Amino acid sequence: MAEETKQRTADDMPDWSAYRGVLVYIEHRDGKAKSVGWQLLGQGKKLADKLEVDLMALVIGHDVQHLAEEAIAYGADRVYLCDAPELRYYRTYPYSRASMKVIQEVKPEIVLFGATATGRDLAGAIATHLPTGLTADTTELDVEPHPSRLLLASRPAFSEKMMATILCKQYRPQMATARAGVFEALPRDPSRKGEIIRVDFSIREEEIAAKVLDFIQDQSKVNIEEAEIIVSGGRGLGGPEPFKMLKELADELGGVVGASRAAVDAGWIKHEHQVGQTGYTVRPKLYFAIGISGAVQHLVGMQNSGVIVAINRDPNAPIFKVAHYGIVGDLFQIVPAITEEVRRRKSASFLTDAANRSQAAEEGGVRV
Ligand SMILES: Cc1cc2nc3c(=O)[nH]c(=O)nc-3n(C[C@H](O)[C@H](O)[C@H](O)COP(=O)(O)OP(=O)(O)OC[C@H]3O[C@@H](n4cnc5c(N)ncnc54)[C@H](O)[C@@H]3O)c2cc1C
């Protein structure tokens, strides 16, 4: 390996010493950040430490100073902030222009984006203009140390049958988009210190061909990647109907419904609910795996969840190997019982809260 690295630097790698540091793009909608940005700062910090460079963040938008401050709390040493009214909504042209200005001035050696619809669009536009190499939809990111300093961007390839590690030897920066939910954010620390650099970027509205007239939120669409609680069902449900039972539990807990590929392939639920290698990678605080065996392709999408509860009638199901809590039994009995218990506890705590409030009011001499 050492031999190979030495050869690479000497023979076919240009001198990239002007390019240093790791830059992470912080995506947001209406000033509300997507968690993938914080997750990438977490992984970016590991890469930056290995390369002994700074971790930087890029924030683009209008009235988004708070996101720059948040980026520091999540680990950035320095934040480049492009703030202008024309940047309120994501549009490829002004966002890629602003990003390129920062990249050309700052010269980071690595730039990372979330593999979201926006992240993919923006990264693609920037990489083709600079031009440089871009690996899409990565699930592992590492670096070779000095002197090669190469980003090892790995992603599933050939219908997800193997992992490919892709290098960008001839161009800088090295760019990658990465899946949400794969990497872990650092704990938020508001006392962390960093520098915010306002970038002098201006663009006239007339230069931008695309206009955003309105955003229409599809209320029926689930946002499984950002959910803190996911109640997932698999083939064990036996049909589409029992997903209503899962939805009831999810609603009680303030979560969303997920699914295995078997359930999606059977047409019981839409693909936007699918967790796993060919679905979404999720990292909720609480994940229920109900009637899901725990095939490796499912596990890669959820095994980093905070607490995993598995319900399965087969005590040898592999899902129990990753579960923090396991219930062996028939899901059709267990799920309604859990929902009922959640309801009971919620109304009990409501009654206790109400009792406390009226007690406090009485003590204060006011009767409500
Ligand atoms: C390239 C590739 C990509 C893939 N990508 C994904 C992916 O993204 N996501 C994914 O999930 N899969 C994916 N798969 C498929 C994966 O290999 C499994 O086939 C799939 O996850 C199985 O889904 P399941 O656990 O719901 O079904 P099964 O494996 O059939 O498990 C059903 C479980 O339900 C239990 N059960 C049945 N009845 C009850 C009951 N009444 N009460 C309690 N438990 C009960 C059974 O004991 C069993 O463990 C992929 C496969 C390939 C080859």
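Predicted, not measured: the structure shown is a model, and the values here were computed from it. Quick note: numbers below take in every heavy atom, side chains included, and nothing from hydrogens, waters or symmetry partners. Counting starts at 1 for both ligands and their atoms, following the listed order.
In this structure, R149 fails the cation-pi test against Y19, since its NZ or CZ atom is not both closer than 6.0 Å to the six-membered ring centre and inside 45 degrees of the ring normal.
In this structure, D330 does not pair ionically with R313, as no charged nitrogen and carboxylate oxygen lie closer than 4.0 Å.
R188 meets the side-chain hydrogen bond (donor to acceptor under 3.5 Å, both in side chains) test with E70; sequence neighbours excluded.
For residues 105-139, the ring-ring contact (aromatic ring centres under 6.0 Å, His included) pairs, not counting sequence neighbours, are Y25-F113. Applying the ring-ring contact (aromatic ring centres under 6.0 Å, His included) rule to pairs touching residues 35-87 yields W38-Y74, sequence neighbours excluded.
At a cut-off of 3.5 Å, with distance as the only test, no side-chain donor of Q277 or R261 sits close to an acceptor on the other residue.
At a 4.0 Å heavy-atom cut-off, the residues surrounding ligand 1 are S159, G234, R235, G236, S260, R261, A262, Q274, V275, G276, Q277, T278, G279, G291, I292, S293, A295, Q297, H298, N312, R313, D314, G329, D330, L331, F332, listed by chain and number.
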